[in-house]
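Throughout, a chain's letter reflects where its sequence line sits, starting with A, and its residues are numbered from 1. Basis for what follows: all heavy atoms, side chains included, without hydrogens, waters or symmetry-related copies.
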Amino acid sequence: MATLKPVRGTQDVLPAENRQLRYVESVAFGVAQIYGYGEISTPIFEFTDVFARTLGDTSDIVTKEMYSFEDRGGEGITLRPEGTAGVARAVMSGGLQQDLPLKLFYRGPMFRYERPQKGRRRQFGQVGVELIGVAGPLADIEVIALGHQFLDRLGVGAQVTLELNSLGDTQSRAAYRDKLVDYLQGFEDQLSDDSRERLTRNPLRILDSKNEGDRKIIGGAPVLSDCLNDESRDFFDAVKAGLEKLGIAFEINSRLVRGLDYYCHTAFEFTTNDLGAQGTVLAGGRYDGLFEQMGGRETPGIGWAAGVERLALLTGETVAAPRPVAVVPVGNEAEAAALDLTQELRRAGVAVDLGYSGNMKKRMKRAGNLDARFAVLLGQDELARGAATIRDMDSGEQSEVSLSQVAEHLRQSGA
RNA sequence: GCGAAUGUAGCUCAACUGGUUAGAGCACCGGCUUGUGGUGCCGGGGGUUGGGGGUUCAAGUCCCCUCGUUCGCCCCA
């Protein structure tokens, strides 16, 4: 039995749950299309370099969370831990930089070797968008508005808060980093072990620490927004003004830094308090340095990704399966006729189920369990008259309809 | 990777301080009703109590190991 279990952090998704997940994805894609995005699919695995070089050597994803292996040809391969790097690689491989700006939507599984928790799996679904090739703040505004509208359409708008920050351009970020390290070094012996290590590796991340002692120290730390140069500040102001104009509420969170190295300027997260520790539901930011870092031409970009399972948990709604019509033959001779009728209805686009075996009572019960809208009863009597009895499973009303009219009758009844 | 909790039938849960064949509800199957589901009544199948080891006359119950899950840390969608 133990060996028949799925690998830790993975799970089998049955039809009822899949309907919810597909629903989340389809809402996302629907809204993305309204904004002019087309869907791109990239491979589920890439050369390890694609992720290692873009995410940064200091990110936790690269240092301990990647599913990496060597394939039979000796190539270093990694199951994608996120979507942006693969999309950027595809844009460069395909020469798509000639077609800027690009508006791309993606969906699919991602893989991270993490300790599973509620809303956190080793294989999980993401939907995401990337707007590539637009340097101005209008891109940031549109991408955030798209995320906002998506969450709204899903019906979780009231449960989430948009947090916003600016990391500034490279120059601003470097200036801030120096200031922050200066400040924190004064408290080095008081910082948590994790944070002390990050002091040299990735000091900005200390701002995000949940350790109580750390937070006290952070409270007095210099603020990133004070270090933005004029250009970065103007950019951020423009983004904020745009969101206000669109009526999209946000909170400035100066401690918001993204985990991945390629981000600059705008960083944002839609978070909720309804999912325990995994509160981030949709997050993204601007990544103007990414393409260069991958060895390509400098190309600005901004995007976000959202966790499909987390959003499905948040909506709490179940998505009902479509209601079929059940064809119920009575007696052996009726089975052949039932098969014909079933096929005819299916060709006409009607969803049909037939109880495969058993007496009428059993088949009716199965029809009930399938939540059938109508049952089509075929017995000796009906067959002799070239007809079938159609039963409305909700009202219990029955009427006899000639066989040739069954499809039409059902269609008119809304089946 | 660290800390804590937890694991009994398909699902939700019982089983006093360790004490005879581990129970219930729901679900499933059959019958009352051999041409009618959703309500009712009667009956039935189903558990090596996550797995392994140990303590004991006796372990679902205590101890150790292991696997899974949950909550937090870390990190992130």
Side-chain angles (χ1 to χ4, degrees), chain A residues 1-11 14 24 28 55 58-65 81-84 107-128 147 151 160 192-195 197-198 202 205-206 208-212 214 256-260 269-272 275-284 303-314 326 328-331 334 355 358-372 374-383 389-398:
Chain A
M1 190 63 184
T3 55
L4 291 180
K5 285 180 175 171
V7 172
R8 167 180 247 191
T10 66
Q11 61 189 154
L14 301 179
V24 170
L55 300 179
T58 61
S59 76
D60 285 283
I61 290 184
V62 170
T63 54
K64 58 185 195 192
E65 292 178 359
E82 57 95 44
T84 302
R107 60 178 130 194
M110 305 293 165
F111 304 85
R112 268 134 72 165
Y113 191 88
E114 295 187 282
R115 189 78 179 262
Q117 239 173 280
K118 180 181 185 183
R120 191 171 76 187
R121 311 249 85 124
R122 287 184 174 181
Q123 177 179 340
F124 60 100
Q126 279 191 348
V127 291
L151 296 175
V160 299
S192 66
D193 293 348
D194 282 329
S195 291
E197 199 179 314
R198 284 187 294 221
N202 196 352
R205 288 227 50 85
I206 298 176
D208 222 8
S209 173
K210 286 176 191 160
N211 179 283
E212 240 178 81
D214 287 355
L256 175 63
V257 292
R258 319 276 27 260
L260 310 181
E269 281 186 11
F270 286 86
T271 61
T272 177
L275 288 180
Q278 269 60 54
T280 304
V281 121
L282 183 154
W304 53 250
V308 175
E309 288 84 356
R310 286 185 187 179
L311 286 171
L313 281 172
L314 202 56
V328 179
V330 184
N359 59 27
M360 184 180 188
K361 184 183 165 68
K362 275 192 203 166
R363 296 194 201 222
M364 283 303 289
K365 182 163 185 173
R366 255 174 238 147
N369 286 345
L370 290 166
D371 194 28
F374 297 98
V376 178
L377 309 179
L378 278 177
Q380 311 298 350
D381 302 353
E382 285 92 342
L383 282 178
T389 296
I390 296 181
R391 177 183 176 85
D392 183 314
M393 294 294 280
D394 292 337
S395 67
E397 281 168 31
Q398 300 193 168

Could you tell me whether Leu377(A) contacts a base, only the sugar-phosphate backbone, or nothing, with contacts defined as non-hydrogen atoms closer than 4.0 Å? base
Sticking with atom P, work out how far C63(B) lies from U17(B), rounded to a whole angstrom. 14 Å
Looking at Lys362(A), does any N or O in its side chain come under 4.0 Å of the phosphate oxygens OP1/OP2 on G30(B)? yes
The nucleotide from A77(B), C32(B), G72(B) with an atom nearest the side chain of Lys361(A) is C32(B)
If A5(B) has a Watson-Crick or G-U wobble mate with both distances under 3.5 Å, name it; if not, just say none. U69(B)
Sugar-phosphate, base or nothing in reach of Met110(A), heavy atoms under 4.0 Å: nothing
Checking all strands, does Glu269(A) fall into the base, sugar-phosphate, or nothing category for heavy-atom contacts under 4.0 angstrom? nothing
Tell me what Ala367(A) touches on the nucleic acid: a base, only sugar-phosphate, or nothing, going by heavy atoms under 4.0 Å. nothing
Which part of the nucleic acid, if any, lies within reach of Arg363(A) when heavy atoms closer than 4.0 Å are counted: base, sugar-phosphate only, or nothing? nothing
Value rounded to 0.5 Å, distance of CG in Leu151(A) from CG in Leu282(A): 5.0 Å
Protein-nucleotide distance (Lys365(A), atom NZ; C32(B), atom P), rounded to Å: 14 Å
Measure the CZ-NZ distance between Arg310(A) and Lys118(A) for me, rounded to the nearest 0.5 Å. 11.5 Å
If we only count heavy atoms from C-beta on, is the Arg391(A) to Val328(A) side-chain gap below 4.5 Å? no
Closest-nucleotide ordering on RNA chain B, the 5'-leading residue of Val281(A) and Asn359(A): Asn359(A)
Kindly say if Asn369(A) contacts the phosphate of A27(B), meaning a side-chain N or O under 4.0 Å from OP1 or OP2. no
Between atom CD in Glu397(A) and atom C1' in U36(B), what is the gap in whole Å? 15 Å
Hey, does Gly9(A) reach any base, or is it just sugar-phosphate, or nothing, if we go heavy atoms under 4.0 Å? sugar-phosphate
Under 4.0 Å between a side-chain N/O of Arg8(A) and OP1 or OP2 of U69(B), yes or no? yes
Atom pair distance, as rounded to whole Å: CD in Glu382(A) and P in U36(B): 12 Å
Can you find a side chain N or O atom of Arg121(A) that sits less than 4.0 Å from OP1 or OP2 on U70(B)? yes
Quickly work out the Leu313(A) CG to C71(B) P distance and round it to whole Å. 10 Å
Roughly how far apart, to the nearest Å, are G54(B) and C16(B) at atom P? 26 Å
What's the closest nucleotide to the side chain of Arg391(A) if the choices are C28(B), A77(B), G37(B)? G37(B)
Quick one: does Arg8(A)'s side chain get under 4.5 Å of Arg115(A)'s, heavy atoms only? yes
Using the P atom on both, measure A59(B) against U49(B) and round to a whole Å. 12 Å
Gln117(A) side chain near G72(B) phosphate (N/O to OP1/OP2, under 4.0 Å): yes
Residues Glu269(A) and Thr280(A): side-chain donor-acceptor under 3.5 angstrom: yes
Of the listed nucleotides C71(B), G1(B), U69(B), the one nearest the side chain of Lys118(A): C71(B)
Check: Arg122(A) side chain, Glu114(A) main-chain N or O, donor-acceptor pair, under 3.5 Å: yes
Closest to the side chain of Met360(A), out of G37(B), C76(B), G35(B), is G35(B)
Tell me what Asp394(A) touches on the nucleic acid: a base, only sugar-phosphate, or nothing, going by heavy atoms under 4.0 Å. base
Spacing between Arg366(A) atom CZ and C29(B) atom P, to the nearest angstrom: 7 Å
